[in-house]
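Chain A is the first sequence line, chain B the second, and so forth, proteins listed ahead of strands; every chain is numbered from 1. A quick note: this is a predicted structure, and the numbers were derived from the prediction, not measured.
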Amino acid sequence: MTQQIEAGDGVRADGSGADTGRPGEDRPEDDRYDVQAIQARWLPVWDELAAFRSGRPDDPRPRRYVLDMFPYPSGDLHMGHAEAYALGDVVARYWVQRGHNVLHPIGWDAFGLPAENAAIKRGLDPREWTYENIAQQKASMRRYACSFDWDRLLRTCDPEYYRWNQWLFLRLHEKGLAYRRPSQVNWCPSCQTVLANEQVVAGLCERCDSPVTKKKLTQWYFRITDYADRLLEDMKQLEGAWPDKVLTMQRNWIGRSTGADVEFAIEDRPEPVTVYTTRPDTLFGATFFVVAPDSDLAAELAARAPVHVQAQFARYLELVRATSEIDRLSTEREKSGIFLHRYAINPVNGERLPIYAADYVLADYGHGAIMAVPAHDQRDLDFARTFDLPVRVVVDVRDEDDKPLPDPADTGIATAGDGVLVNSGPLDGLRKAEAIERIIEILSADGRAAAKVNYRLRDWLISRQRYWGTPIPIVHCDTCGEVRVPDDRLPVELPPAEGLELKPKGTSPLGGAGDWVETTCPTCGGPARRDTDTMDTFVDSSWYFLRYLSPDRDDVPFDVEQARRWMPVDQYVGGVTHAILHLLYSRFFTKVLHDLGFVDFTEPFTRLLNQGMVIMNGSAMSKSRGNLVRLSDQLTEHGVDAIRLTMAFAGPPEDDIDWADVSPAGSARFLARAWRLAGDVTSSPGADVATGDAALRAATHRTVHEVTDLIEGFRFNVAVARVMELVNTTRKAIDTGCGGADPAVREAVAAVAVMLSLFAPYTAEDMWARLGHAPGVALAGWPAVDELLLVEETVTCVVQVAGKVRDRLEVPPSVGEEALRELALASPAVQRALGDRGVRTVVVRAPRLVNVVPG
RNA sequence: GCCCCCGUAGCCCAACGGCAGAGGCAGGCGCCUUAAAAGCGCUGGAGUGCGGGUUCGAUUCCCGUCGGGGGCACCA
């Protein structure tokens, strides 16, 4: 190895020329690629270089915000983190190479149950467990060569952070967007806490998979439903920039429907009851009426029912409450309910409709009561058939051959489609859409109906009966009621865990902190009690991307001016598991902050990349399954770069990576091959590339050109393949072509080093040093593409006869259609293939293809 | 039940409607080695799940079907 080590041309982050860690001096003089030695060599150098600081006020580079979802500090980093951060790093490092000032921060989503559970198990303060894990993860991230700006760390469990959760809570409270109300809530008996709707997955607790039950509690909510239409509408901004899948999930979750509120008089009740329906056109087909058994209305109606019915109702209600969410949602389940011996009056025809209480009607959607039209609604039909209620067809629905569909009463299949109204008085002869419009018009004339939009989305329940979270900054005073803690008394700090019973018992552990709970009312000065609930940790993560902009400000949650500069996030990277929860809440917070005048945008994340999971042998890794792959083992065995490269090369980023299908050893071999190229470059830095081997130069420039597009399109696996190709080409050039002294080889290897710096920063840095540059390949700059070198001198034109390849012609790229046609027809191979058949047409796609179609 | 995505070599994956293979893994053959492993070099291998259609031409577009994955699913 003979190349000169001289002052390189790497751009120094600090602008100085300090020559740290002269790479050549202590480097072993053999040609062995020693992963561990390379890692050990560069890590301290990088610390000094601090290439990824983004906070210099005079930085002239264009700004770009690349954000990785921050981790929960549950032990050390695992394979999933390794994938996520490898991919996010490719994007962040790419934009740095393109000359941008990239904000790429990291922090910890540090409040939450695992810390508390660990604390309970070991009798410690959750703080200890949390901060230890954070320290460990931080060290691992550093070793993993994540290009984070370490100056902007945040931890949501720091009072300096959660203080601003409280501050934001107060702003929402002032606007009426945070409120407390009693309701039936999702309750996880195992976690002993309430759950938001979003945290109940198929009737199970998202966290521990226990069946969720219902409980009546007074809880804090954020009024996210006020923003339902905007959360839906603004998704237009995200189309094409977020995965369709995520947008679809959010749309489903918000669940907008249009219909009408219709008033039904109730016998022996002065006030009418309003129901929501999406099919007001079928009013004439209503044959009964259903209320949710756990609604106030049901209780009231039952209270004035015959005595034996009251008893039945009480029993039924008990049964319903005992039914777990998962059973309730079972499609197989037969409809249940009881007749309350009360009647509603159909506003369109005065018919008496028997009122049932049945649990297929939900208390917290619409008005908790429905009109039932069994002919045209499957659920109503199922109920009608179970309880032997009449079925009346009012829409003539036809099949594709315009034949009327059979009577639902006979088939048991409701006809929900479009058709012409029948048996419906003034609506007869109208189609569905017209009938909906008409009936609303008729009934709204005397206020008995109104068009209405409804959402599946519910308000966000944020109270948690657990210790390790943000205290809700409200004081309850007997005289003043609910009082906000004034801003200047924030944060309301969590009391020490010592002495508190953290074990879940259904009420907040903070209730046990007597000195902490007992306080004075900020308004009247009298004795008062602090609210003892803590906030859902999704509050913490709903705005953390703003805190990164000014993590040290102690007078505001974030610097508005910095937000104007950096936000919205240009690229967000994270798992699809947060498709609904975190992303929906962050979008909501952003809109609230917009309305409060703190930010001037309405969507926080411009582009979203969802990476898949790392699995093993076809299933998710778990200790119990025995297929756990430890990241630390992989890093020890193959090195950081090989693992990062494997993550990027495995396939499209959104696909799962089955670790059994990929080859970190293969990645390491490739890296060694690439690294050795640098040792075979014998020209000096600054050699005139213009004189270099043209073919290799063309390959280099074409590769850079393609890789650029591939990276921007998140096609990292293909980008890596292109770099591999260039490495192979360069190897051949050195061994059997122009040789290592050719400046084109230096150019190619330098391009490989810079491109590899996105995926394999240690290897790239070492290559860079071997090429004779000062440290800092990360700041070397993306290779410029010489467009002239992309122009091919000749291209291969494929000549087909009847679609089969019969000949190839080398032609100039500018060849004319007519000339190419002549050339192709003149080909002996073509004539042979044609035989005595004539030529019908000749399709010419100059310069690549000619297809001769025989007669 | 409804909606979406994906089926290319033993495996992971590429291929503006135009030569089915870029890259990797595994396999085979060499080199190195006393030998083996490692390492290095070279290399065979599929007609694109299946059936139709559109087209001069289909892995690519359309319809159907099978298989895999995901989302939604008493929201009136």
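- Contact detail for Val290(A) and Ala372(A): the closest heavy-atom pair is CG2-CB, 4.3 Å.
- A donor-acceptor contact under 3.5 Å is formed by the side chain of Arg845(A) with the base of G18(B).
- Pair assignment for C42(B) gives G28(B), based on Watson-Crick or G-U wobble hydrogen-bonding distances that are each under 3.5 Å.
- In terms of polar N and O atoms assigned as donor or acceptor, the side chain of Gln378(A) never comes within less than 3.5 Å of the base of G1(B) in a complementary pairing.
- You'll find that the side chain of Asn717(A) is closest to A14(B), out of C56(B), A14(B), G23(B).
- With rounding to the nearest 0.5 angstrom, the CZ atom of Arg392(A) is 8.5 Å from the OG atom of Ser424(A).
- Between the side chains of His367(A) and Thr274(A), no donor-acceptor pair is found at a separation under 3.5 Å.
- For G70(B) and U54(B), the C1' atoms lie 31 Å apart once the distance is rounded to whole Å.
- The base-pairing partner of G67(B), taking Watson-Crick or G-U wobble contacts with both distances under 3.5 Å, is C6(B).
- Glycosidic conformation at G7(B) (O4'-C1'-N9-C4 for purines, O4'-C1'-N1-C2 for pyrimidines): anti, more than 90° from 0.
- Between Thr278(A) and Tyr276(A), the closest side-chain pair of non-hydrogen atoms falls below 4.5 Å.
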List the steps, then state whether ring pair (Phe, Tyr, Trp, His ring centres under 6.0 Å) holds for Phe264(A) with Phe289(A).
CA-CA 10 Å; Phe264(A) 282 67; Phe289(A) 194 94; 5.3 Å; yes
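- Among A14(B), G18(B), A76(B), the nucleotide with an atom closest to any side-chain atom of Pro652(A) is A14(B).
- Comparing the C1' positions of A14(B) and C25(B) gives a spacing of 15 Å, expressed to the nearest Å.
- Nucleic acid contact class of Ser667(A) (heavy atoms, under 4.0 Å, all strands): none.
- Nucleotides A36(B) and C29(B) have their P atoms positioned 12 Å apart, rounded to a whole Å.
- The partner of A15(B) cannot be assigned: no Watson-Crick or G-U wobble pair with both contacts below 3.5 Å exists in any strand.
- For Asn728(A), the listed nucleotide lying nearest its side chain is G23(B); candidates were A14(B), G23(B), A73(B).
- Taking atom CG of Asp382(A) as the reference point, atom C1' of A73(B) lies 14 Å away to the nearest angstrom.
- Computed from coordinates, the Ile657(A) CD1 to G69(B) C1' distance equals 16 Å when rounded to whole Å.
- The CG-P distance, from Leu583(A) to G71(B), rounds to 15 Å in whole Å.
- Distances shorter than 4.0 Å separate some side-chain N or O of Arg673(A) from OP1 or OP2 on G24(B).
- Between G17(B) and U60(B), the two C1' atoms lie 6 Å apart (nearest whole Å).
- When heavy atoms are screened at a 4.0 angstrom cut-off, Gly255(A) is found touching no nucleic acid atom at all.
- The P atoms of U59(B) and G53(B) are separated by 14 Å, rounded to the nearest whole Å.
- Within the 4.0 angstrom heavy-atom criterion, no nucleotide atom of any strand lies near Val373(A).
- Atom OG of residue Ser667(A) and atom CG of residue Asp641(A) lie 10.0 Å apart, to the nearest 0.5 angstrom.
- One finds the CZ atom of Phe387(A) at 6.5 Å from the OG atom of Ser336(A) (value rounded to the nearest 0.5 Å).
- As rounded to whole Å, 11 Å separates atom P of A20(B) from atom NZ of Lys804(A).
- The nearest whole Å value for the distance from the CG atom in Leu645(A) to the P atom in G24(B) is 12 Å.
- Among the heavy atoms of the strands, none lies under 4.0 Å from Asp364(A).
- Considering only side-chain atoms of Tyr360(A), the nucleotide from C74(B), G23(B), A76(B) that sits closest is C74(B).
- The nucleotide C72(B) finds its pairing partner in G1(B), both defining distances of the Watson-Crick or G-U wobble pair being shorter than 3.5 Å.
- Side-chain N/O atoms of Ser663(A) include none lying less than 4.0 angstrom from OP1 or OP2 on A26(B).
- Spacing of P atoms, G39(B) relative to G24(B), comes out at 15 Å, to the nearest Å.
- Straight-line distance from the CG atom of Asn454(A) to the P atom of A76(B): 7 Å, rounded to whole Å.
- Close to C3(B), at under 4.0 Å from its OP1 or OP2, lies no side-chain N or O of Asn252(A).
- Judged by atom type and distance alone, Lys245(A) does not reach the base of C5(B) through any side-chain donor-acceptor pair under 3.5 Å.
- Using atom P as the reference point in both G47(B) and C6(B), the two lie 23 Å apart (nearest Å).
- Judged by the 6.0 Å and 45° rule, Lys335(A) forms no cation-pi pair with Phe383(A).
- Contact check, Arg722(A) against C13(B): no side-chain N or O comes under 4.0 Å of OP1 or OP2.
- Here Val798(A) lies in heavy-atom contact (under 4.0 Å) with a base.
- For the OP1/OP2 pair of G39(B) and a distance below 4.0 Å, the side-chain nitrogens and oxygens of Arg669(A) include at least one atom meeting the criterion.
- Distance, Leu381(A) CG to G1(B) P: 18 Å, rounded to whole Å.
- Note: CZ (Arg848(A)) to C1' (A15(B)) measures 13 Å, nearest angstrom.
- With hydrogens and angles ignored, no donor-acceptor pair closer than 3.5 Å exists between the side chain of Asp661(A) and the base of C12(B).
- In this structure U54(B) sits in no base pair that meets the Watson-Crick or G-U test at under 3.5 Å.
- Note on Thr278(A): only backbone sugar-phosphate atoms sit closer than 4.0 angstrom, heavy atoms only; bases stay farther off.
- Remark: the separation of the C1' atoms in G52(B) and A9(B) is 27 Å, to the nearest Å.
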